[in-house]
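Hydrogens, waters and symmetry mates play no part in the numbers below; they use all other heavy atoms, side chains included. Here the structure is a predicted model, which means the values were calculated and not measured. Just so you know, residue 1 is the first one in the sequence shown, and it goes up from there.
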Amino acid sequence: MNRTVLIIAAIIVVVGIAVTFWIVLGPAGTPEPTAPTTTAPQQFDTTGGQEMRPRWGAQEEQGNDAAGD
């Protein structure tokens with residue numbers, strides 16, 4: 001009787017471990033989802049911004065420049 005209980009317990013433990021590995025690793029028949037290979041470049045709204053002007057030659061705003069320039 002004691003030996004039968006130990007054999008049944010061992011079988012239950014082995015089946016439990018096998019089921020746990022199967023759930024954690026996933027079934028072999030399901031393919032892994034693939035990431036998209038290319039993505040479209042982002043579009044940024046560039047209208048209505050500040051005008052770009054060079055800093056050289058402009059005497060106002062000299063305090064913003066570096067001291068050695």
**Prompt:** How would you list, by chain and number, every residue that makes a side-chain contact (heavy atoms from CB on, under 4.5 Å) with Val19, sequence neighbours excluded?
**Reply:** Val15, Ile23

**Message:** Using a 4.5 Å cut-off between side-chain heavy atoms of Ile, Leu, Val, Met, Phe, Trp and Tyr, which other residues end up in the same hydrophobic cluster as Ile12?
**Reply:** Ile8

**Asked** What residues form a side-chain contact (heavy atoms from CB on, under 4.5 Å) with Ile7, not counting sequence neighbours?
**Response** Arg3, Ile11

**Fill in**
Cluster membership besides Val14, Ile/Leu/Val/Met/Phe/Trp/Tyr side chains within less than 4.5 angstrom, sorted by chain and number, is none

